[in-house]
Student: 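Attaching a single structure in C-alpha coordinates format; questions to follow.
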Amino acid sequence: MTLEWEQIIVDAADPVALGRWWAQALGWVVVDDSPEEYEIRPAPDRLPGLLFGLAPEAKTSKNRLHLDFRPDDQEAEVRRLLALGARHAYIGQGPEVPWVVLADPEGNEFCVLAPRRA
(Lines give C-alpha, C1' and ligand atoms only; values in the text may rest on other atoms or scores of the structure.)
Protein backbone atom coordinates (compact mmCIF):
# COMPACT_ATOMS: atom_id res chain seq x y z
CA MET A 1 0.00 0.00 0.00
CA THR A 2 1.21 3.51 -0.83
CA LEU A 3 -0.01 6.72 0.75
CA GLU A 4 0.56 10.16 -0.68
CA TRP A 5 0.17 13.20 1.57
CA GLU A 6 -2.39 15.31 -0.30
CA GLN A 7 -3.17 18.23 2.02
CA ILE A 8 -3.80 19.55 5.49
CA ILE A 9 -7.36 20.66 6.19
CA VAL A 10 -7.86 23.90 8.10
CA ASP A 11 -11.32 24.74 9.43
CA ALA A 12 -12.16 28.38 8.81
CA ALA A 13 -15.00 30.82 9.37
CA ASP A 14 -14.00 32.44 6.06
CA PRO A 15 -12.07 29.89 3.93
CA VAL A 16 -11.43 32.37 1.10
CA ALA A 17 -9.98 35.12 3.32
CA LEU A 18 -7.86 32.71 5.37
CA GLY A 19 -6.71 30.83 2.27
CA ARG A 20 -5.70 34.07 0.59
CA TRP A 21 -3.79 35.10 3.72
CA TRP A 22 -1.84 31.83 3.78
CA ALA A 23 -1.23 31.97 0.01
CA GLN A 24 0.34 35.40 0.47
CA ALA A 25 2.28 34.36 3.58
CA LEU A 26 3.74 31.27 1.87
CA GLY A 27 3.93 32.54 -1.72
CA TRP A 28 1.76 29.57 -2.83
CA VAL A 29 -0.75 29.37 -5.66
CA VAL A 30 -4.52 28.93 -5.48
CA VAL A 31 -5.75 25.68 -7.05
CA ASP A 32 -9.40 25.85 -5.90
CA ASP A 33 -11.07 29.13 -4.97
CA SER A 34 -14.55 27.91 -4.05
CA PRO A 35 -16.09 29.58 -0.97
CA GLU A 36 -16.47 26.25 0.86
CA GLU A 37 -13.07 24.69 0.06
CA TYR A 38 -10.24 27.05 -0.82
CA GLU A 39 -7.02 25.17 -1.65
CA ILE A 40 -3.46 26.40 -2.04
CA ARG A 41 -0.27 24.54 -2.98
CA PRO A 42 3.42 25.35 -3.45
CA ALA A 43 2.80 24.92 -7.21
CA PRO A 44 -0.28 23.69 -9.11
CA ASP A 45 1.06 20.14 -9.39
CA ARG A 46 3.01 19.98 -6.12
CA LEU A 47 1.79 18.43 -2.87
CA PRO A 48 0.98 18.70 -0.05
CA GLY A 49 -1.44 21.60 -0.05
CA LEU A 50 -3.55 23.43 2.47
CA LEU A 51 -7.31 23.24 2.09
CA PHE A 52 -9.43 25.75 4.00
CA GLY A 53 -12.91 24.40 4.65
CA LEU A 54 -15.96 26.18 5.99
CA ALA A 55 -16.57 25.51 9.68
CA PRO A 56 -19.48 27.25 11.43
CA GLU A 57 -18.08 26.91 14.94
CA ALA A 58 -15.36 29.24 16.25
CA LYS A 59 -11.92 28.06 17.33
CA THR A 60 -12.00 27.63 21.10
CA SER A 61 -8.60 26.30 22.20
CA LYS A 62 -5.00 25.71 21.22
CA ASN A 63 -4.56 23.73 17.99
CA ARG A 64 -3.64 20.09 18.46
CA LEU A 65 -1.70 20.21 15.19
CA HIS A 66 0.29 23.18 13.96
CA LEU A 67 2.76 24.06 11.23
CA ASP A 68 6.43 24.91 11.79
CA PHE A 69 8.36 27.08 9.33
CA ARG A 70 12.14 27.55 9.21
CA PRO A 71 13.15 30.78 7.43
CA ASP A 72 16.64 32.01 6.67
CA ASP A 73 16.01 35.09 8.83
CA GLN A 74 13.59 34.47 11.70
CA GLU A 75 13.34 38.07 12.84
CA ALA A 76 12.62 39.42 9.34
CA GLU A 77 10.07 36.68 8.67
CA VAL A 78 8.23 37.33 11.94
CA ARG A 79 8.06 41.05 11.08
CA ARG A 80 6.72 40.24 7.60
CA LEU A 81 4.05 37.86 8.92
CA LEU A 82 2.97 40.34 11.61
CA ALA A 83 2.65 43.02 8.91
CA LEU A 84 0.39 40.63 6.94
CA GLY A 85 -1.92 40.26 9.94
CA ALA A 86 -0.47 37.49 12.10
CA ARG A 87 -0.20 38.11 15.82
CA HIS A 88 1.92 36.76 18.63
CA ALA A 89 0.39 33.79 20.46
CA TYR A 90 1.08 32.20 23.81
CA ILE A 91 0.54 28.44 24.02
CA GLY A 92 2.64 27.76 27.11
CA GLN A 93 6.07 28.22 25.59
CA GLY A 94 8.79 29.41 27.94
CA PRO A 95 10.70 32.66 27.51
CA GLU A 96 13.89 31.04 26.17
CA VAL A 97 12.55 28.94 23.30
CA PRO A 98 14.27 29.39 19.91
CA TRP A 99 10.98 29.71 18.02
CA VAL A 100 8.28 32.36 17.80
CA VAL A 101 4.64 31.33 18.09
CA LEU A 102 2.26 33.31 15.90
CA ALA A 103 -1.42 32.97 15.03
CA ASP A 104 -3.03 33.57 11.65
CA PRO A 105 -6.02 35.95 11.31
CA GLU A 106 -8.43 33.24 12.58
CA GLY A 107 -6.23 32.30 15.54
CA ASN A 108 -4.52 29.15 14.24
CA GLU A 109 -1.10 28.88 15.86
CA PHE A 110 2.10 28.22 13.92
CA CYS A 111 5.79 28.51 14.74
CA VAL A 112 8.60 30.37 13.06
CA LEU A 113 11.76 28.48 13.92
CA ALA A 114 15.30 29.79 14.18
CA PRO A 115 17.56 29.15 11.17
CA ARG A 116 19.35 25.80 11.09
CA ARG A 117 22.85 25.86 12.48
CA ALA A 118 25.54 24.91 10.00
Side-chain angles (χ1 to χ4, degrees):
M1 179 175 4
T2 302
L3 290 175
E4 183 176 20
W5 179 10
E6 178 81 14
Q7 59 208 0
I8 294 175
I9 310 300
V10 180
D11 289 346
D14 186 342
V16 173
L18 192 58
R20 285 180 180 155
W21 187 88
W22 276 103
Q24 185 176 14
L26 296 172
W28 285 15
V29 298
V30 177
V31 295
D32 182 355
D33 63 357
S34 78
E36 294 82 24
E37 290 189 341
Y38 194 92
E39 185 179 0
I40 64 172
R41 293 183 186 173
D45 58 349
R46 195 164 148 222
L47 298 173
L50 291 173
L51 188 142
F52 301 87
L54 186 60
E57 68 279 348
K59 181 180 178 300
T60 58
S61 65
K62 173 184 167 283
N63 291 3
R64 294 192 62 169
L65 173 76
H66 71 265
L67 304 174
D68 285 350
F69 300 99
R70 190 176 303 276
D72 292 332
D73 184 335
Q74 181 188 46
E75 189 176 312
E77 192 60 26
V78 167
R79 279 194 311 271
R80 184 183 76 82
L81 292 165
L82 290 170
L84 287 176
R87 61 180 166 70
H88 286 279
Y90 177 74
I91 57 170
Q93 71 271 23
E96 300 299 322
V97 297
W99 60 84
V100 177
V101 181
L102 298 177
D104 70 19
E106 288 201 13
N108 299 297
E109 301 92 5
F110 62 97
C111 294
V112 181
L113 307 175
R116 288 195 193 280
R117 295 178 190 209

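If you read the sequence from its start, that first residue is 1, and numbering goes on from there. Values in this document were obtained by computation on a predicted structure and should not be read as measured data.
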Student: If you look only at pairs with a residue in residues 44-72, which of them pass as a salt bridge (Lys or Arg N to Asp or Glu O under 4.0 Å), with sequence neighbours excluded?
Tutor: K59-E109

Student: Begin with the C-alpha distance, continue with both residues' side-chain angles, and end with the deciding distance and a verdict on side-chain contact (heavy atoms from CB on, under 4.5 Å) for L67 and L50.
Tutor: CA-CA 11 Å; L67 304 174; L50 291 173; 4.1 Å; yes

Student: Run the numbers on L47 and W5 for side-chain contact (heavy atoms from CB on, under 4.5 Å), then give the verdict.
Tutor: CA-CA 7 Å; L47 298 173; W5 179 10; over 6 Å; no

Student: Between atom CD of Q7 and atom CG of L51, what is the distance when rounded to the nearest 0.5 Å?
Tutor: 4.5 Å

Student: Given 3.5 Å as the limit, does a donor-acceptor pair link the side chain of Q74 with the main chain of V112, or not?
Tutor: yes

Student: Please round to the nearest 0.5 Å and tell me the distance separating atom CD1 of I91 and atom OG of S61.
Tutor: 11.5 Å

Student: Quick check for you: to the nearest 0.5 Å, what is the distance between L84 atom CG and W21 atom CH2?
Tutor: 6.0 Å

Student: Can you hop from Y38 to V29 via hydrophobic side chains spaced under 4.5 Å?
Tutor: no

Student: Kindly compute the distance separating CG (L18) from CZ (F52), expressed to the nearest 0.5 Å.
Tutor: 5.0 Å

Student: I need the E39 CD to I9 CD1 distance, nearest 0.5 Å.
Tutor: 7.5 Å

Student: Could you state the interatomic distance from NE2 (H66) to CD1 (I8), rounded to the nearest 0.5 Å?
Tutor: 11.0 Å

Student: Looking at every heavy atom in both P15 and P35, which two are closest together, and how far apart are they?
Tutor: CG-O, 3.4 Å

Student: Is V10 reachable from L54 through a run of I, L, V, M, F, W or Y residues, each pair having side-chain heavy atoms under 4.5 Å apart?
Tutor: no

Student: Going only through I, L, V, M, F, W and Y residues with side-chain contacts under 4.5 Å, is there a path from F69 to W28?
Tutor: yes

Student: Identify the two heavy atoms, one from G85 and one from P105, that lie closest to each other, and give their separation to 0.1 Å.
Tutor: O-CG, 4.2 Å

Student: Looking at R80 and A25, would you say the former's side chain and the latter's main chain have a donor-acceptor pair under 3.5 Å?
Tutor: yes

Student: Under the side-chain hydrogen bond (donor to acceptor under 3.5 Å, both in side chains) definition, can you give me all pairs with a residue in residues 89-104, not counting sequence neighbours?
Tutor: W22-D104, D104-N108

Student: Counting only heavy atoms not in E6, do more than 12 sit closer than 6.0 Å to its CD atom?
Tutor: yes

Student: Hydrophobic clusters here meaning ILVMFWY residues chained together by side-chain heavy-atom distances under 4.5 Å, can you tell me if V97 and V101 are in one?
Tutor: yes

Student: What closest approach, in Å, do P48 and P42 show between heavy atoms, and which atom pair accounts for it?
Tutor: O-CD, 3.3 Å

Student: Enumerate the salt bridge (Lys or Arg N to Asp or Glu O under 4.0 Å) contacts for residues 8-28, please, sequence neighbours excluded, ordered by first and then second residue.
Tutor: none

Student: Is any side-chain heavy atom of H88 closer than 4.5 Å to a side-chain heavy atom of V100?
Tutor: yes

Student: Determine whether V30 and D33 satisfy the following criterion, side-chain contact (heavy atoms from CB on, under 4.5 Å), listing intermediate values before the conclusion.
Tutor: CA-CA 7 Å; V30 177; D33 63 357; 3.9 Å; yes

Student: If you measure from the Lys or Arg side-chain nitrogens to the Asp or Glu carboxylate oxygens, is any gap between R79 and E77 under 4.0 Å?
Tutor: no

